[in-house]
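Here is the structure we will look at, set down as structure tokens.
Atom set for the values below is all heavy atoms of this structure, side chains included, hydrogens, waters and symmetry mates excluded.
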Amino acid sequence: MSQSDPSFEQRVWLVIRSIPYGNVASYSDVSRLAGHPRAARQVGRILNNLPAQSQLPWHRVVSQQGKISLTGEQLFSQAAALREEGVVVDNVGKINMRIYRWQP
């Protein structure tokens with residue numbers, strides 16, 4: 001990798017920025033598309049460390065099973081953001097991946 005190549009973190013941001021409105025991707029989808037198929041937990045850490053003012057559509061990233069991984073107020077916030085985009089989120093924070101999963 002040369003100095004000018006984007007870091008894994010930067011590639012994760014680019015992938016997440018590419019997830020279309022009204023779609024979701026799993027942490028493992030993002031890691032695979034960013035070039036490290038076994039780095040789903042790293043994707044979670046990257047998202048956990050985003051600055052509060054970030055415009056990255058982080059809310060479009062969910063677990064492999066289509067479940068929101070956050071809890072409490074953060075779960076409600078992510079579910080609300082997804083619902084605003086027309087994504088159906090059930091009462092326990094689950095999304096039907098067959099319908100809403102982004103297939104680039």
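To the nearest 0.5 Å, the span separating CZ on Phe8 from CD on Gln42 amounts to 5.0 Å. Interatomic distance, CD of Gln78 versus CD of Glu73, reported as 12.5 Å (0.5 Å rounding). Atom OG of Ser26 is separated from atom CG of Leu33 by 9.0 Å, given to the nearest 0.5 angstrom. Summarising the geometry, atom CD belonging to Gln55 is positioned 14.0 Å from atom CH2 belonging to Trp13; distances are rounded to the nearest 0.5 Å. Taking CD1 of Ile16 as the reference point, atom CG of Leu47 lies at 4.0 Å (rounded to 0.5 Å). Annotation: the span from His59 atom NE2 to Gln74 atom CD amounts to 14.5 Å, rounded to 0.5 Å.
Looking at Asp29, its side chain never comes within 3.5 Å of a backbone N or O of Ala25 through a donor-acceptor pair. Between the side chain of Ser28 and the backbone N or O of Ala40 there is no donor-acceptor pair closer than 3.5 Å. Distance alone, capped at 3.5 Å, places no donor-acceptor pair between the Glu85 side chain and the Leu82 backbone.
Counting only heavy atoms from C-beta outward, the side chains of Arg101 and Asn23 never approach each other to under 4.5 Å. Side-chain contact check for Trp102 versus Arg60: every heavy-atom pair is 4.5 Å or farther apart.
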Practice task
Kindly indicate, with the supporting measurements, whether the criterion side-chain contact (heavy atoms from CB on, under 4.5 Å) is fulfilled by Arg11 and His36.
Solution key: CA-CA 10 Å; Arg11 290 192 314 268; His36 288 282; 3.3 Å; yes

Would Val24 and Val61 count as a side-chain contact (heavy atoms from CB on, under 4.5 Å) if you check the C-alpha gap in whole Å, the side-chain angles of each, and the deciding distance to 0.1 Å?
CA-CA 6 Å; Val24 297; Val61 183; over 6 Å; no

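A single hydrophobic cluster is not seen to contain both Leu14 and Ile46; linkage of ILVMFWY side chains at heavy-atom distances under 4.5 Å, directly or through other members, places them apart. Linking Ile, Leu, Val, Met, Phe, Trp and Tyr residues whenever their side-chain heavy atoms come within less than 4.5 Å places Leu50 and Leu75 in a single cluster. By the rule that hydrophobic residues join a cluster once side-chain heavy atoms approach within less than 4.5 Å of another member, Val62 and Val88 end up as members of one cluster.
For Arg41, the CZ atom counts as loosely surrounded, since its 6.0 Å shell holds 12 or fewer non-hydrogen atoms of other residues, nucleotides or ligands.
Of all heavy-atom pairs spanning Ser69 and Tyr27, the tightest one is OG-CE1, 3.5 Å.
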